[in-house]
Student: 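Can you keep this structure in mind? I'll have questions shortly.
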Amino acid sequence: MSIESLLRERFSRAIGLAFGSEFAGDPMVKAGDPKFADYQCNAAMVLSRQLGRPPREVATEILRHVELADVCDPPQVAGPGFINVRISAGWLARRLAELLADSAAKARGGVARVAQSATVVVDYAGPNIAKEMHVGHLRSSILGDAIARSLAFVGHRVVRQNHVGDFGTQFGMLIRHARDLKLDTGEMPQISDLDSYYKQASARDKSDPQFAIEARQAVVALQSGDPEALRLWHWIREESNRHCREIFAQLGITLSEADQRGESFYAGRLSALVQKLSEALPFGGDGPYEGISEVFDPQRKARLDTGTLDSSCAAEVQEAMLEPEAVERVEEASEPQIVTKAFVAESHGAVCVFLPGFVDKDKKPLPLIIRKSDGAYLYATTDLAALYFRIIEEKTTPEQTAPLDQNWHADRIIYTTDARQAQHFAMVFDTIRAAHWDINPVTQLPVLLQHAPFGSILGEDGKPFKTRSGESVKLRDLLHEAVQRAEAVVEKKNPDLPVAARRLVARAVGIGAVKYADLRQDRITDYQFVWDRLLALDGNTGPYLQYAFARICSIFRKAGSLPATNAAIMLDTPQERDLARRILQFSDVVQAVLQDLKPHYLCTYLYELCGSFSAFYEHCPVLRAASAELRNSRLALCDLTAAVLKVGLHELLGMELLEEM
RNA sequence: GCGCUCGUAGCUCAAUUGGAUAGAGCAUCCGCCUUCUAAGCGGACGGUUGUGGGUUCGAUUCCCGCCGAGCGCACCA
């Protein structure tokens, strides 16, 4: 059990004994400022209000009942009613000794598995086909992977999904453009070629209206199984997938072939999805709503009073024009309808879901379009189909169950996409809930649908990170540069390292620096991509953490062996005690990361752990310790620190560790 | 216009979700290598948390009003 949950339990029991169990809900135990205490219980201030007694008196009363003699020195009441707990060195030492003796627990950094394993889908990366991956994919990939790794580590069934954009509108442009290029599809293309085809097609789409129309038609052709379109599609997709795999491998992203399930996978399910949704939701609302017609479902036509709003509007506008206060009258006349309950309707020829709380610029109901007026489907449709697939659909073939070999029936679904899509996901989730498709068919419990949004990557000038020519930075180039810059640093700092080893170190340091820079910051904020800051050797950076690990490895190389698993732990210096406390906080931090889907908590923790280790390293000689017992104890501290770093940095954040650098 | 996110040291960021005297790194300055990797450690300097109110024992955090930034708002993803 972690320190925090132990204290929480003890204080909760004490509060129950002192004032009755109805007050024992949240004992408010937190890690405190080290100046005052390791942990503090702040329940007294809250209870004082409920009980009508002075907070310090309440605190004293709690202390009278709390049993902590085995864990800490007698707790103190301070300030307005804080209860300060300083964990005793003896207790810390015992816990560390237990961890050291249990090799399985040690290998997990002391993090327990969850009691109840859930099926969690993590939807991340999602690059578009035919385009080279660029910085825009970096955060989604890195963040999503860290979250997926962490969930899997604590024992959840994690289904990673790379929702590749391989069947949408952009593909129509490519097909239409390809017709003019007369490409040789017998030969494998290069991703850079595809990328330039894409750019050309996109440019034509913008400038040539006829091209744009034909491109939209090509989407419909593709989505309805036109063989020529499909052949081209396969040709492009194969190379795109190869390119993705290459980038993921370089970045250490755990997405595999089995996790690849793009838009095209859902293509055959879209028309049925629209049908099912229009049955699950009421049709047409209690309107009338401007622009909504009833052609989609003649059966329910009678429920709608279409057109009245349009015509009455027109009449009122005309009338109003004759009057002096024309402007006000017009605004009045177009007073928007408010959607009070989700419904499906056809509007301007498109099938739409209207939801409460979503309006456009003119305060008119904002639709979630699930079928365009030309009959094509778009990403909202695919996202809904994917949710249905992940939560409800019974899976029979291996193609459907992969990467699990069983039904999914997800309990939780997480999307890591940028913050600009927040409204889109809010609408998609609301639609799923309105249709009651968010209920797990096995457990009958609501599925936790989460969008973990993140900010943009900015350049040094604070504007979106672009190349000098204004294009988005290609991931391949960026990673290449990271490794090159790292190699220059390694060469300078450790000139004696053989060239082959230097290459290896440069790769790990360069890629690690890029990943860590992304992960260390609260995902919701934009961050500046500055090479010198990223590859800095001190401060909260990848290299600094990797260095701490390398130092530990160096000690063990010289020591020749690991500490005995029954070594006694001695914590007589402030540095040893501080390091011990930090090591034992690891599992609480992992829990917080999973709670908020914020890996930067873990980064901050690991940085502080390394800080504590460095201070220990300076002040407490390991190999030259005064006695064999002390040497063993300190070796054990090194070993446990290394174990936490290995789990935290490598297994959860997906960074390479180096034994030497 | 409406909505979302944000505003913290000169710079880049934290702050365990309402807790104590708001913490790190960079930059600047001062110390520490005959001892396990100095890619390190110790210390100093640096703040009206954009702003004005409110809520309460207590606010960077919650509420309201301004100021400023970014993003989104019908057939793109």
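Proteins get letters first, then strands, A, B, ... in listed order; numbering begins at 1 in each. What you see is a predicted model; the values in this text were computed from it and never measured.
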Student: What about T604(A): does its side chain form a donor-acceptor pair under 3.5 Å with the base of A15(B)?
Tutor: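 Check fails, no donor-acceptor contact within cut-off.
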Student: Between A74(B) atom C1' and K364(A) atom NZ, what is the distance in whole Å?
Tutor: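 Going from K364(A) (NZ) to A74(B) (C1'), I get 11 Å.
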Student: Round to the nearest Å and state the distance from M427(A) atom CE to G72(B) atom P.
Tutor: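 About 16 Å, once rounded to whole Å.
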Student: Is there a salt bridge (Lys or Arg N to Asp or Glu O under 4.0 Å) between R581(A) and D578(A) once you walk through the steps?
Tutor: CA-CA 5 Å; R581(A) 191 179 115 264; D578(A) 180 55; 2.9 Å; yes
Student: Side-chain N or O of S614(A) versus OP1/OP2 of C41(B): is the shortest distance under 4.0 Å?
Tutor: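 For C41(B), OP1 or OP2 has a side-chain N or O of S614(A) closer than 4.0 Å.
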Student: For A426(A), report the nucleic acid contact type (base, sugar-phosphate, nothing); a contact means any heavy atom under 4.0 Å.
Tutor: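 No contact.
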Student: Give one of base, sugar-phosphate or nothing for V359(A), where a contact means two heavy atoms less than 4.0 Å apart.
Tutor: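 V359(A): backbone/sugar contact only, no base atoms under 4.0 Å.
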Student: Whole-Å distance between U37(B) P and K558(A) NZ?
Tutor: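 Taking NZ of K558(A) and P of U37(B), I get 3 Å after rounding.
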Student: Starting from the 5' end of RNA chain B, give me the residue, N84(A) or H600(A), whose nearest nucleotide shows up first.
Tutor: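 First, find each residue's nearest nucleotide; the 5'-ward one identifies H600(A).
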Student: Taking the C1' atom of each, how far is U8(B) from A69(B), in whole Å?
Tutor: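 Straight-line distance between the two C1' atoms is 15 Å.
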Student: Determine whether a donor-acceptor pair (one donor, one acceptor, N or O, separation below 3.5 Å) exists between the side chain of D538(A) and the base of A24(B).
Tutor: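 Such a pair does not exist between side chain and base.
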Student: If you compare every side-chain N and O of K206(A) against the phosphate oxygens of C76(B) (OP1, OP2), does one of them come in below 4.0 Å?
Tutor: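 No, K206(A) has no side-chain N/O under 4.0 Å of OP1/OP2 on C76(B).
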Student: From the set G1(B), A74(B), A14(B), return the single nucleotide nearest to any side-chain atom of K363(A).
Tutor: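 The answer is G1(B).
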Student: Closer than 4.0 Å, any side-chain N/O of R420(A) to the OP1 or OP2 of C73(B)?
Tutor: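 No, outside the criterion.
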Student: I'd like the C1' distance from U49(B) over to U61(B), given in whole Å.
Tutor: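 Their C1' atoms lie roughly 10 Å apart.
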Student: Taking only N and O in the side chain of R631(A), is any of them less than 4.0 Å away from OP1 or OP2 of C36(B)?
Tutor: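 The answer is no; no side-chain N or O of R631(A) sits under 4.0 Å from OP1 or OP2.
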Student: Tell me which nucleotide among U21(B), A39(B), U5(B) gets nearest to the side chain of Y547(A).
Tutor: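 Taking heavy atoms from C-beta onward, the closest nucleotide is A39(B).
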Student: Would you indicate, yes or no, if U16(B) has its OP1 or OP2 atom less than 4.0 angstrom from a side-chain nitrogen or oxygen of K598(A)?
Tutor: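 Checking U16(B) against K598(A), no side-chain N or O comes under 4.0 Å of OP1 or OP2.
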Student: For a quick check, tell me whether the side chain of Y379(A) and the base of A77(B) share a donor-acceptor pair closer than 3.5 Å.
Tutor: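 Indeed there is one.
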Student: Do F613(A) and F616(A) have ring centroids that are under 6.0 Å from one another?
Tutor: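 F616(A) vs F613(A): aromatic centres under 6.0 Å.
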Student: Under 4.0 Å from OP1 or OP2 of G72(B): is there any side-chain N or O of K361(A) that close?
Tutor: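 The answer is no; no side-chain N or O of K361(A) sits under 4.0 Å from OP1 or OP2.
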Student: Would you please classify the geometry between the F171(A) ring and the W233(A) ring as parallel, tilted or perpendicular, with 30° and 60° separating the classes?
Tutor: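 Perpendicular, since the angle between the ring planes exceeds 60°.
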Student: Once you round it to whole Å, what is the distance between C1' of C73(B) and CG of D430(A)?
Tutor: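 Going from CG in D430(A) over to C1' in C73(B) covers 16 Å.
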Student: Across the strands shown, which category fits L623(A) at heavy-atom distances under 4.0 angstrom: base, sugar-phosphate, nothing?
Tutor: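 Counting heavy atoms under 4.0 Å across all strands, the contact made by L623(A) includes a base.
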Student: Between C1' on A15(B) and CD on Q585(A), what's the gap in Å once rounded to a whole number?
Tutor: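 Rounded to whole Å, this separation is 15 Å.
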Student: Compare the ring of F82(A) with the six-membered ring in the base of A20(B) and state whether they stack (centres under 5.5 Å, planes under 30°).
Tutor: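 Yes, F82(A) stacks on the base of A20(B).
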Student: Between U55(B) and G47(B), how far is it from one C1' atom to the other, in whole Å?
Tutor: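 25 Å, rounded to whole Å.
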Student: Which heavy atom of D123(A) sits nearest to which heavy atom of H163(A), and what is that distance?
Tutor: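 Closest approach of D123(A) to H163(A): OD1-CB, 3.5 Å.
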Student: With respect to the side chain of R533(A), which nucleotide from U12(B), U16(B), A20(B) is positioned closest?
Tutor: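 Closest nucleotide to the R533(A) side chain: U12(B).
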Student: Would you mind telling me which residue lines up with the more 5' stretch of RNA chain B, M45(A) or E618(A), judged by nearest nucleotide?
Tutor: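 Its nearest nucleotide being more 5', the pick is M45(A).
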Student: Could you check which of A39(B), A74(B), U37(B) has an atom nearest any side-chain atom of S554(A)?
Tutor: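 The closest nucleotide is U37(B).
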Student: Write down the partner of C2(B) under the Watson-Crick or G-U wobble criteria, each distance required to be under 3.5 Å.
Tutor: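 Its partner is G72(B).
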Student: Could you check whether any side-chain heavy atom of K131(A) comes within less than 4.5 Å of a side-chain heavy atom of K199(A), counting everything from C-beta outward?
Tutor: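 The answer is no; the side chains never approach within 4.5 Å.
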Student: Taking atom types as they are modelled, would you say the side chain of Q521(A) forms a donor-acceptor pair with the base of A14(B) within the 3.5 Å cutoff?
Tutor: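 Flag unset: no donor-acceptor pair detected.
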Student: Expressed as a whole number of angstroms, how long is the span from L366(A):CG to C4(B):P?
Tutor: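 In whole Å, C4(B) P lies 14 Å from L366(A) CG.
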Student: Over how many whole Å does the gap from D461(A) atom CG to G70(B) atom C1' extend?
Tutor: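 From D461(A) CG to G70(B) C1': 14 Å.
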Student: Classify the ring geometry of F211(A) against H177(A): parallel below 30°, tilted from 30° to 60°, perpendicular beyond 60°.
Tutor: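 Answer is perpendicular, since the angle exceeds 60°.
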Student: Is it the case that the base of U17(B) and the side chain of Y601(A) share a donor-acceptor contact (distance under 3.5 Å, atom types as modelled)?
Tutor: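 In this structure, the two groups form a donor-acceptor pair.
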Student: Regarding R582(A) and S612(A), do their side chains bring together a donor and an acceptor under 3.5 Å, going by distance alone?
Tutor: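 R582(A) vs S612(A): donor-acceptor pair found between side chains.
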Student: Mind calculating the distance between CE (M661(A)) and P (A38(B)) to the nearest angstrom?
Tutor: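 About 13 Å, once rounded to whole Å.
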Student: Side chain of R49(A), heavy atoms from C-beta onward: which of U16(B), A20(B), U56(B) has the nearest atom to it?
Tutor: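 That would be U56(B).
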Student: Side chains of N540(A) and Y516(A): do they bring a donor and an acceptor to under 3.5 Å?
Tutor: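 Result is yes, a qualifying pair exists.
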Student: Counting the atoms with a prime plus P, OP1 and OP2 as sugar-phosphate, which does Q546(A) contact under 4.0 Å by heavy atoms, base, sugar-phosphate, or nothing?
Tutor: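 Nothing, no nucleic acid heavy atom in range.
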Student: For Y544(A) and A39(B), do the ring centres fall under 5.5 Å apart while the planes stay under 30° apart?
Tutor: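 It does not: the ring fails the test against the base of A39(B).
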